[in-house]
Amino acid sequence: WPGLPPALADGLAAPSDGPPEPNELRYTHFGVKYSAKHRVPLVTAVNIDGGHSVRIKRGDDVWYTDGRLPGDIQLGQTNFADDSIDRGHMVRREDPNWGDDAALANEDTFHYVNAAAQHSSLNQGKTLWQGLENYILDSARTHGLKCCVFTGPVMRDADEDEEVVIDGAVVPLEFWKLVVTLDADDSSLHATAYLLSQGQL
């Protein structure tokens with residue numbers, strides 16, 4: 001897990017199951033560190049196994065709160081009533097879907113603690129967030145890569161910058177992804193970072 005600045009780390013939610021990794025909400029093939037203070041996932045980490053990826057069709061989405069955290073710090077259906085605002089998966093639905101536990105991993109991604117408010121134009125944009133997600137997963141599948149993907153929002157200083165808050169939750173203006181895998185020779189790590197904005201939306 002990457003480190004977080006102390007001011008953000010201090011606001012992380014503490015899951016009731018007392019995970020070995022502090023503050024980690026552990027799911028199938030991925031984890032989430034969720035801010036109780038800002039009501040947004042601060043960082044997520046998912047392992048992708050492109051050589052064993054399983055394609056699961058998207059059905060009728062059912063979203064869940066996580067019983068390991070108090071309900072009043074989590075968002076819910078009423079917080080996403082505006083059709084222009086999506087529940088943007090921080091761990092993409094398809095990324096952890098590999099191996100024998102693919103179906104469970106798919107369901108696990110539909111927890112509200114894995115979602116941040118994203119404008120639909122960003123979230124569904126073929127050249128924006130969805131396009132980036134497609135590029136990462138398609139590359140892993142095509143080349144049989146094992147990747148670690150870290151994702152999160154860019155958090156602003158509320159005292160110095162304009163911070164957008166809706167329903168008590170921070171709405172990030174930018175999101176980042178960091179993809180780490182072995183290079184073509186399987187001899188050293190290769191990392192690529194991406195930054196996308198919805199500020200103009």
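A single hydrophobic cluster is not seen to contain both Leu201 and Val40; linkage of ILVMFWY side chains at heavy-atom distances under 4.5 Å, directly or through other members, places them apart.
Side-chain atoms of His111 and Asn114 include no donor-acceptor pair closer than 3.5 Å.
When every heavy atom of Ile56 is checked against every heavy atom of Arg93, the shortest pair comes out as O-NH1, 2.9 Å. Across Leu128 and Ser121, no two heavy atoms sit closer than the pair CD1-O, 3.5 Å. The two atoms that bring Ala105 and His29 nearest to each other are CB-ND1, 4.2 Å, heavy atoms only. Minimum interatomic distance between Pro153 and Leu42 (heavy atoms only, all atoms of both residues): CD-O, 3.3 Å. Closest of all the heavy-atom pairs between Phe80 and Asp86 is CE2-O, 3.6 Å. Nearest heavy-atom pair, Val32 versus Val113, reported as atom, atom and distance to 0.1 Å: CG1-O, 3.3 Å.
Once rounded to the nearest 0.5 Å, the distance linking CG of Leu132 with CG of Leu122 reads 10.0 Å. In this structure, Leu182 CG and Cys148 SG are separated by 9.5 Å, a value rounded to the nearest 0.5 Å. A distance of 3.5 Å separates CZ in Arg141 from OG in Ser53, rounded to the nearest 0.5 Å. Here the SG-NE2 distance, from Cys147 to His190, works out to 10.0 Å after rounding to the nearest 0.5 Å. Here OH of Tyr34 is found 8.0 Å from CG of Leu69. Values are rounded to the nearest 0.5 Å. The structure places CG of Asp61 at 11.0 Å from CD of Gln77, a figure rounded to the nearest 0.5 Å.
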Before giving the answer on side-chain contact (heavy atoms from CB on, under 4.5 Å), spell out for Val165 and Val171 the whole-Å C-alpha distance, their side-chain angles and the decisive distance to 0.1 Å. CA-CA 6 Å; Val165 178; Val171 178; over 6 Å; no
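Side chain of Trp98 to main chain of Asn47: a donor-acceptor pair is present (N/O by atom type, distance under 3.5 Å, no hydrogens or angles). Panel note: side chain Gln74, backbone Thr65; no donor-acceptor pair is recorded below 3.5 Å. Under a 3.5 Å cut-off, the side chain of Gln124 and the backbone N or O of Gln130 do not form any donor-acceptor pair. Here the side chain of Asn97 pairs a donor or acceptor atom with the backbone of Asn106 at under 3.5 angstrom.
Taking the ring centre of Phe110 as origin, the terminal cationic atom of Arg92 falls outside the region bounded by 6.0 Å and 45° from the ring axis.
Look at Glu21 and Lys33 and you find a salt bridge, because one of the NZ, NE, NH1 or NH2 atoms lies within 4.0 Å of a carboxylate O, short of that distance. Note on Glu94 versus Lys57: no salt bridge recorded, every NZ/NE/NH1/NH2 to OD/OE distance being 4.0 Å or above.
Exactly one residue among Thr109, Asp66, Asp108 makes a side-chain hydrogen bond (donor to acceptor under 3.5 Å, both in side chains) with Tyr27. That residue is Asp66. With His89 as reference, Trp63 is the one residue of Tyr112, Phe175, Trp63, Phe30 to meet the ring pair (Phe, Tyr, Trp, His ring centres under 6.0 Å) rule.
Contact of the Leu12 side chain with the Leu4 side chain is registered, since non-hydrogen atoms from C-beta on lie closer than 4.5 Å. Contact annotation: the side chain of Pro19 never approaches that of Arg26 to less than 4.5 Å [non-hydrogen atoms, C-beta and beyond]. Proximity of Gln118 to Met90: side-chain heavy atoms (C-beta onward) are separated by under 4.5 Å at one or more points. Side-chain contact between Leu137 and Ile48 is present, with at least one heavy-atom pair separated by less than 4.5 Å. The closest side-chain heavy-atom distance from Val154 to Leu195 is below 4.5 Å.
Within 6.0 Å of the OH atom in Tyr135, the count of heavy atoms belonging to other residues, nucleotides or ligands does not exceed 12. Environment of CG in Asp83: sparse, with no more than 12 heavy atoms of neighbouring residues, nucleotides or ligands closer than 6.0 Å. Dense packing is recorded around CG of Asp10, with more than 12 heavy atoms of other residues, nucleotides or ligands lying under 6.0 Å away.
Within the structure, the side-chain hydrogen bond (donor to acceptor under 3.5 Å, both in side chains) test picks out the following pairs touching residues 164-181 (sequence neighbours left out): Asn79-Asp167, Thr151-Lys177, Arg156-Glu174.
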